[in-house]
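The sequence lines fix the lettering, A, B, ..., with proteins before strands; numbering per chain opens at 1.
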There are 2 protein chains.
Amino acid sequence: MTGTTSPTPTKAQLLELVAALGTAQWQDFAAAAARHGLTSVQAKLLAQLKGPVPMRGLAALLVCDASNVTGIVDRLEARGLVRREPAPTDRRVKNVVATDEGHEIIRRVRAEMQATHSALDALDEAERTVLYGLLERLRPGLEHRA
Amino acid sequence: MTGTTSPTPTKAQLLELVAALGTAQWQDFAAAAARHGLTSVQAKLLAQLKGPVPMRGLAALLVCDASNVTGIVDRLEARGLVRREPAPTDRRVKNVVATDEGHEIIRRVRAEMQATHSALDALDEAERTVLYGLLERLRPGLEHRA
DNA sequence: ATTGATGCTTGAGATCGTCAAGCAACTCGC
DNA sequence: GCGAGTTGCTTGACGATCTCAAGCATCAAT
(Lines give C-alpha, C1' and ligand atoms only; values in the text may rest on other atoms or scores of the structure.)
Protein backbone atom coordinates (compact mmCIF):
# COMPACT_ATOMS: atom_id res chain seq x y z
CA MET A 1 0.00 0.00 0.00
CA THR A 2 1.94 2.94 -1.26
CA GLY A 3 0.17 4.51 -4.17
CA THR A 4 -3.54 4.68 -3.52
CA THR A 5 -3.67 6.76 -0.38
CA SER A 6 -6.07 9.39 -1.67
CA PRO A 7 -9.55 8.57 -2.95
CA THR A 8 -10.49 12.27 -2.89
CA PRO A 9 -9.98 13.81 0.53
CA THR A 10 -12.75 15.59 2.41
CA LYS A 11 -12.63 19.34 2.52
CA ALA A 12 -12.33 18.94 6.29
CA GLN A 13 -9.38 16.61 5.92
CA LEU A 14 -7.64 19.00 3.59
CA LEU A 15 -8.35 21.85 5.95
CA GLU A 16 -6.91 19.94 8.86
CA LEU A 17 -3.79 19.04 6.93
CA VAL A 18 -3.23 22.61 5.82
CA ALA A 19 -3.65 23.79 9.40
CA ALA A 20 -1.23 21.18 10.71
CA LEU A 21 1.44 22.11 8.18
CA GLY A 22 0.94 25.80 8.78
CA THR A 23 1.41 25.27 12.49
CA ALA A 24 4.46 23.09 12.00
CA GLN A 25 6.09 25.67 9.78
CA TRP A 26 5.34 28.40 12.29
CA GLN A 27 6.95 26.35 15.06
CA ASP A 28 9.98 25.85 12.86
CA PHE A 29 10.18 29.59 12.26
CA ALA A 30 9.69 30.41 15.93
CA ALA A 31 12.39 27.95 16.98
CA ALA A 32 14.89 29.35 14.49
CA ALA A 33 14.09 32.89 15.67
CA ALA A 34 14.47 31.90 19.31
CA ARG A 35 17.96 30.59 18.63
CA HIS A 36 18.86 34.18 17.80
CA GLY A 37 17.06 35.63 20.80
CA LEU A 38 14.07 36.81 18.80
CA THR A 39 10.42 36.16 19.51
CA SER A 40 8.31 34.95 16.59
CA VAL A 41 6.60 38.30 16.26
CA GLN A 42 9.85 40.23 16.26
CA ALA A 43 11.19 37.94 13.55
CA LYS A 44 8.01 38.26 11.55
CA LEU A 45 8.21 42.03 11.69
CA LEU A 46 11.86 41.95 10.69
CA ALA A 47 10.96 39.74 7.75
CA GLN A 48 8.73 42.47 6.33
CA LEU A 49 11.50 45.04 6.14
CA LYS A 50 12.87 44.72 2.62
CA GLY A 51 12.72 48.52 2.53
CA PRO A 52 11.50 51.34 4.76
CA VAL A 53 8.00 50.73 6.10
CA PRO A 54 5.98 53.18 8.21
CA MET A 55 4.69 52.01 11.57
CA ARG A 56 1.16 52.12 10.26
CA GLY A 57 2.11 49.87 7.38
CA LEU A 58 3.63 47.36 9.74
CA ALA A 59 0.44 47.30 11.76
CA ALA A 60 -1.44 46.50 8.56
CA LEU A 61 1.03 43.77 7.56
CA LEU A 62 0.97 42.16 10.98
CA VAL A 63 -2.79 42.67 11.27
CA CYS A 64 -2.63 44.26 14.68
CA ASP A 65 -3.05 47.57 16.42
CA ALA A 66 -0.52 50.32 15.72
CA SER A 67 0.18 50.73 19.41
CA ASN A 68 1.37 47.16 19.48
CA VAL A 69 3.94 47.82 16.79
CA THR A 70 5.48 50.57 18.91
CA GLY A 71 6.59 48.12 21.57
CA ILE A 72 7.90 45.51 19.15
CA VAL A 73 9.94 48.07 17.23
CA ASP A 74 11.17 49.53 20.52
CA ARG A 75 12.68 46.18 21.48
CA LEU A 76 14.16 45.55 18.05
CA GLU A 77 15.62 49.05 18.00
CA ALA A 78 17.13 48.55 21.44
CA ARG A 79 18.98 45.57 20.00
CA GLY A 80 20.16 47.55 16.99
CA LEU A 81 18.32 45.40 14.43
CA VAL A 82 16.07 48.20 13.29
CA ARG A 83 16.10 51.97 12.99
CA ARG A 84 13.32 54.55 13.03
CA GLU A 85 13.87 57.35 10.54
CA PRO A 86 11.58 60.29 9.86
CA ALA A 87 9.73 60.24 6.56
CA PRO A 88 10.70 63.25 4.44
CA THR A 89 7.22 63.71 3.00
CA ASP A 90 5.22 63.58 6.23
CA ARG A 91 6.69 64.47 9.57
CA ARG A 92 4.13 62.39 11.42
CA VAL A 93 5.38 59.21 9.82
CA LYS A 94 8.33 57.20 11.06
CA ASN A 95 9.77 54.70 8.66
CA VAL A 96 11.24 51.54 10.09
CA VAL A 97 14.36 50.21 8.39
CA ALA A 98 16.31 47.07 9.13
CA THR A 99 19.98 47.63 9.95
CA ASP A 100 22.65 45.46 8.33
CA GLU A 101 22.63 43.30 11.41
CA GLY A 102 18.86 43.09 11.19
CA HIS A 103 18.97 41.88 7.60
CA GLU A 104 21.67 39.39 8.44
CA ILE A 105 19.86 37.90 11.39
CA ILE A 106 16.59 37.39 9.53
CA ARG A 107 18.50 35.87 6.62
CA ARG A 108 19.98 33.34 9.04
CA VAL A 109 16.62 32.61 10.61
CA ARG A 110 15.19 31.78 7.20
CA ALA A 111 18.17 29.61 6.35
CA GLU A 112 17.89 27.71 9.61
CA MET A 113 14.30 26.59 9.16
CA GLN A 114 15.54 23.05 8.81
CA ALA A 115 12.21 21.29 9.09
CA THR A 116 10.68 23.44 6.40
CA HIS A 117 13.65 23.09 4.09
CA SER A 118 13.83 19.35 4.45
CA ALA A 119 10.10 19.13 3.88
CA LEU A 120 10.39 21.00 0.61
CA ASP A 121 13.34 18.84 -0.38
CA ALA A 122 10.97 15.88 -0.45
CA LEU A 123 9.53 17.28 -3.68
CA ASP A 124 11.22 17.35 -7.05
CA GLU A 125 11.09 20.33 -9.37
CA ALA A 126 8.00 19.26 -11.22
CA GLU A 127 6.09 18.65 -8.01
CA ARG A 128 7.12 22.00 -6.61
CA THR A 129 5.83 23.69 -9.71
CA VAL A 130 2.49 21.94 -9.39
CA LEU A 131 2.29 22.76 -5.69
CA TYR A 132 3.15 26.37 -6.30
CA GLY A 133 0.46 26.62 -8.95
CA LEU A 134 -2.18 25.13 -6.67
CA LEU A 135 -1.23 27.37 -3.75
CA GLU A 136 -1.33 30.39 -6.03
CA ARG A 137 -4.92 29.49 -6.79
CA LEU A 138 -5.71 29.45 -3.09
CA ARG A 139 -4.22 32.86 -2.45
CA PRO A 140 -6.99 35.15 -3.76
CA GLY A 141 -9.59 33.49 -1.55
CA LEU A 142 -7.46 33.65 1.56
CA GLU A 143 -5.68 36.92 1.15
CA HIS A 144 -8.81 38.99 0.78
CA ARG A 145 -11.39 39.32 3.52
CA ALA A 146 -11.63 37.76 6.92
CA MET B 1 -2.79 34.90 -19.29
CA THR B 2 -3.88 32.17 -17.04
CA GLY B 3 -1.64 29.20 -17.60
CA THR B 4 2.00 30.23 -17.77
CA THR B 5 2.57 31.77 -14.38
CA SER B 6 5.15 29.29 -13.15
CA PRO B 7 8.44 28.46 -14.87
CA THR B 8 9.64 26.48 -11.82
CA PRO B 9 9.47 28.59 -8.68
CA THR B 10 12.45 29.12 -6.41
CA LYS B 11 12.50 27.26 -3.13
CA ALA B 12 12.46 30.68 -1.48
CA GLN B 13 9.38 31.72 -3.43
CA LEU B 14 7.60 28.56 -2.52
CA LEU B 15 8.58 29.02 1.10
CA GLU B 16 7.28 32.55 1.11
CA LEU B 17 3.99 31.52 -0.43
CA VAL B 18 3.49 28.72 2.06
CA ALA B 19 4.23 31.13 4.89
CA ALA B 20 1.80 33.71 3.54
CA LEU B 21 -1.00 31.18 3.21
CA GLY B 22 -0.32 29.75 6.62
CA THR B 23 -0.53 33.21 8.13
CA ALA B 24 -3.70 34.06 6.25
CA GLN B 25 -5.37 30.89 7.42
CA TRP B 26 -4.34 31.58 10.99
CA GLN B 27 -5.80 35.08 10.80
CA ASP B 28 -9.01 33.59 9.45
CA PHE B 29 -9.12 31.16 12.35
CA ALA B 30 -8.31 33.85 14.91
CA ALA B 31 -11.01 36.14 13.56
CA ALA B 32 -13.63 33.39 13.65
CA ALA B 33 -12.61 32.53 17.20
CA ALA B 34 -12.74 36.18 18.27
CA ARG B 35 -16.33 36.44 17.08
CA HIS B 36 -17.15 33.91 19.77
CA GLY B 37 -15.06 35.63 22.42
CA LEU B 38 -12.20 33.16 22.19
CA THR B 39 -8.53 33.90 21.73
CA SER B 40 -6.71 31.94 19.05
CA VAL B 41 -4.92 29.83 21.60
CA GLN B 42 -8.09 29.01 23.48
CA ALA B 43 -9.72 27.95 20.21
CA LYS B 44 -6.69 25.92 19.23
CA LEU B 45 -6.76 24.08 22.53
CA LEU B 46 -10.48 23.46 22.21
CA ALA B 47 -9.89 22.08 18.73
CA GLN B 48 -7.69 19.31 20.16
CA LEU B 49 -10.39 17.96 22.44
CA LYS B 50 -12.03 15.19 20.46
CA GLY B 51 -11.75 13.11 23.61
CA PRO B 52 -10.26 13.49 27.10
CA VAL B 53 -6.69 14.78 27.02
CA PRO B 54 -4.43 15.19 30.05
CA MET B 55 -2.89 18.59 30.71
CA ARG B 56 0.51 17.23 29.86
CA GLY B 57 -0.74 16.02 26.51
CA LEU B 58 -2.17 19.43 25.72
CA ALA B 59 1.18 21.03 26.48
CA ALA B 60 2.77 18.65 23.99
CA LEU B 61 0.13 19.32 21.33
CA LEU B 62 0.40 23.08 21.73
CA VAL B 63 4.18 22.88 22.04
CA CYS B 64 4.34 24.97 25.19
CA ASP B 65 5.04 24.70 28.88
CA ALA B 66 2.56 22.77 31.03
CA SER B 67 2.17 25.73 33.36
CA ASN B 68 0.85 27.73 30.44
CA VAL B 69 -1.89 25.20 29.80
CA THR B 70 -3.15 25.62 33.36
CA GLY B 71 -4.15 29.23 32.72
CA ILE B 72 -5.73 28.61 29.35
CA VAL B 73 -7.82 25.73 30.67
CA ASP B 74 -8.74 27.85 33.71
CA ARG B 75 -10.28 30.48 31.47
CA LEU B 76 -12.05 27.96 29.26
CA GLU B 77 -13.38 26.17 32.32
CA ALA B 78 -14.64 29.45 33.78
CA ARG B 79 -16.72 29.85 30.62
CA GLY B 80 -18.04 26.32 30.83
CA LEU B 81 -16.49 25.19 27.55
CA VAL B 82 -14.24 22.63 29.17
CA ARG B 83 -14.15 20.39 32.23
CA ARG B 84 -11.29 18.93 34.27
CA GLU B 85 -11.93 15.40 35.38
CA PRO B 86 -9.61 13.15 37.36
CA ALA B 87 -8.04 10.27 35.47
CA PRO B 88 -9.11 6.95 36.99
CA THR B 89 -5.75 5.29 36.38
CA ASP B 90 -3.47 7.99 37.78
CA ARG B 91 -4.61 10.43 40.40
CA ARG B 92 -1.98 12.96 39.42
CA VAL B 93 -3.47 13.36 35.97
CA LYS B 94 -6.38 15.62 35.13
CA ASN B 95 -8.11 14.97 31.86
CA VAL B 96 -9.56 17.91 30.02
CA VAL B 97 -12.87 17.32 28.23
CA ALA B 98 -14.88 19.70 26.09
CA THR B 99 -18.43 20.28 27.25
CA ASP B 100 -21.30 20.16 24.75
CA GLU B 101 -21.11 23.92 24.51
CA GLY B 102 -17.38 23.64 23.94
CA HIS B 103 -17.83 21.22 21.07
CA GLU B 104 -20.54 23.36 19.56
CA ILE B 105 -18.53 26.57 19.69
CA ILE B 106 -15.45 25.08 18.05
CA ARG B 107 -17.65 23.49 15.40
CA ARG B 108 -18.99 26.93 14.59
CA VAL B 109 -15.56 28.50 14.54
CA ARG B 110 -14.44 25.93 11.97
CA ALA B 111 -17.55 26.48 9.90
CA GLU B 112 -17.08 30.25 9.93
CA MET B 113 -13.58 30.26 8.49
CA GLN B 114 -14.97 31.85 5.37
CA ALA B 115 -11.69 32.87 3.78
CA THR B 116 -10.28 29.38 4.13
CA HIS B 117 -13.43 27.72 2.84
CA SER B 118 -13.73 29.99 -0.17
CA ALA B 119 -10.05 29.47 -0.91
CA LEU B 120 -10.51 25.70 -0.99
CA ASP B 121 -13.60 26.13 -3.12
CA ALA B 122 -11.36 27.50 -5.85
CA LEU B 123 -10.10 23.97 -6.46
CA ASP B 124 -12.05 21.14 -8.03
CA GLU B 125 -11.96 17.59 -6.71
CA ALA B 126 -9.04 16.47 -8.81
CA GLU B 127 -6.96 19.44 -7.80
CA ARG B 128 -7.73 18.91 -4.15
CA THR B 129 -6.61 15.33 -4.43
CA VAL B 130 -3.33 16.39 -5.99
CA LEU B 131 -2.82 19.10 -3.39
CA TYR B 132 -3.58 16.71 -0.57
CA GLY B 133 -1.09 14.23 -1.94
CA LEU B 134 1.65 16.83 -2.21
CA LEU B 135 1.01 18.19 1.28
CA GLU B 136 1.06 14.65 2.64
CA ARG B 137 4.55 14.32 1.21
CA LEU B 138 5.61 17.45 3.08
CA ARG B 139 4.32 16.27 6.41
CA PRO B 140 7.06 13.84 7.47
CA GLY B 141 9.76 16.49 7.04
CA LEU B 142 7.86 19.14 8.96
CA GLU B 143 6.21 17.12 11.64
CA HIS B 144 9.37 15.58 13.00
CA ARG B 145 12.18 17.61 14.45
CA ALA B 146 12.66 21.32 14.74
C1' DA C 1 -7.10 79.66 10.59
C1' DT C 2 -10.18 76.51 12.50
C1' DT C 3 -11.94 71.79 11.90
C1' DG C 4 -11.25 67.22 11.16
C1' DA C 5 -8.52 63.22 10.02
C1' DT C 6 -4.19 60.70 10.38
C1' DG C 7 0.34 58.69 12.56
C1' DC C 8 2.51 57.56 16.53
C1' DT C 9 3.04 57.00 21.50
C1' DT C 10 1.53 56.18 26.28
C1' DG C 11 -0.94 53.84 29.96
C1' DA C 12 -4.12 50.41 31.81
C1' DG C 13 -5.46 45.78 31.71
C1' DA C 14 -5.92 40.93 29.89
C1' DT C 15 -3.69 36.95 27.77
C1' DC C 16 0.25 34.25 26.58
C1' DG C 17 4.63 32.33 27.41
C1' DT C 18 8.82 30.76 30.19
C1' DC C 19 11.23 29.38 34.29
C1' DA C 20 11.77 27.96 39.14
C1' DA C 21 9.63 26.00 43.07
C1' DG C 22 6.36 23.28 45.34
C1' DC C 23 3.06 19.46 46.37
C1' DA C 24 0.85 15.10 45.36
C1' DA C 25 1.12 10.75 43.45
C1' DC C 26 3.38 7.07 40.86
C1' DT C 27 7.52 3.69 40.17
C1' DC C 28 11.33 1.18 41.16
C1' DG C 29 14.62 -1.38 43.83
C1' DC C 30 15.42 -3.38 47.93
C1' DG D 1 6.64 -2.13 52.73
C1' DC D 2 9.47 2.07 52.22
C1' DG D 3 12.47 5.48 50.73
C1' DA D 4 14.62 7.73 46.32
C1' DG D 5 13.75 9.43 42.12
C1' DT D 6 10.39 10.67 38.59
C1' DT D 7 6.28 12.62 36.82
C1' DG D 8 1.82 15.71 36.56
C1' DC D 9 -0.08 19.78 37.82
C1' DT D 10 -0.25 24.32 40.02
C1' DT D 11 1.61 28.68 41.72
C1' DG D 12 4.27 32.94 41.51
C1' DA D 13 7.30 36.13 39.25
C1' DC D 14 8.33 38.38 35.19
C1' DG D 15 8.58 39.67 30.24
C1' DA D 16 6.26 39.94 25.65
C1' DT D 17 2.11 40.51 23.06
C1' DC D 18 -2.26 42.45 22.25
C1' DT D 19 -6.32 45.76 22.52
C1' DC D 20 -8.55 49.92 23.75
C1' DA D 21 -8.86 54.79 25.11
C1' DA D 22 -6.45 59.12 25.31
C1' DG D 23 -3.17 62.27 24.00
C1' DC D 24 0.04 65.01 21.02
C1' DA D 25 1.87 66.46 16.63
C1' DT D 26 1.07 66.99 11.93
C1' DC D 27 -1.40 67.05 7.72
C1' DA D 28 -5.53 68.30 4.68
C1' DA D 29 -9.32 71.13 3.38
C1' DT D 30 -12.31 74.37 3.58
Salt bridge present between B:Arg35 and B:Glu112 (N-O < 4.0 angstrom): yes
Report the residues that fulfil salt bridge (charged side-chain N to carboxylate O under 4.0 Å, His left out) with B:Glu136, sequence neighbours left out, ordered by chain and then residue number. B:Arg139
Nucleotide nearest B:Val41 when distance is taken to its side chain, options C:dG17, D:dT11, D:dG8: C:dG17
Atom-pair distance (NZ on A:Lys94; P on D:dC24), nearest Å: 15 Å
Is any side-chain N of the basic residue among A:Glu125 and A:Arg128 closer than 4.0 Å to the acidic one's carboxylate O? no
So does B:Glu101 pair up with B:Arg79, basic N to acidic O under 4.0 Å? no
Give a yes or no on this: more than 12 heavy atoms of other residues, nucleotides or ligands lie within 6.0 Å of atom CZ of A:Arg83. yes
Over all strands shown, is A:Thr39 touching base, sugar-phosphate only, or nothing at heavy-atom distances under 4.0 angstrom? sugar-phosphate
Value in whole Å for how far the P atom of D:dC9 lies from CD of B:Glu85: 13 Å
For a quick check, tell me whether the side chain of A:Ser67 and the base of D:dC20 share a donor-acceptor pair closer than 3.5 Å. yes
Does B:Asn68 reach a base, just sugar-phosphate, or nothing at all? Heavy atoms under 4.0 Å. base
So if I take every side-chain heavy atom of B:Arg75 and compare against C:dT15, C:dA25, C:dT18, which nucleotide ends up nearest? C:dT15
Quick check on contacts: within residues 43-63 of chain A, what sits under 4.0 Å from DNA chain C by heavy-atom distance? A:Pro54, A:Met55, A:Arg56
Is there a side-chain polar atom (N or O) of A:Arg91 under 4.0 Å from OP1 or OP2 of D:dA25? no
Can you tell me how far P of D:dG8 sits from CG of B:Asn95, to the nearest Å? 12 Å
Using atom CD of A:Glu77 as one end and atom C1' of C:dT9 as the other, report the distance to the nearest whole Å. 13 Å
Could you give the CG-to-C1' distance, from A:Asp90 to D:dC27, as a whole number of Å? 6 Å
Between A:Thr89 and A:Gln42, which residue's closest nucleotide on DNA chain D lies nearer the 5′ terminus? A:Gln42
Check ion pair B:Glu77-B:Arg84 (N to O, under 4.0 angstrom): yes
Count the heavy atoms belonging to other residues, nucleotides or ligands that lie under 6.0 Å from CD of B:Glu16, then report whether that count exceeds 12. no
Does A:Arg92 or A:Asp65 map to a spot on DNA chain D nearer the 5' end, using the closest nucleotide for each? A:Asp65
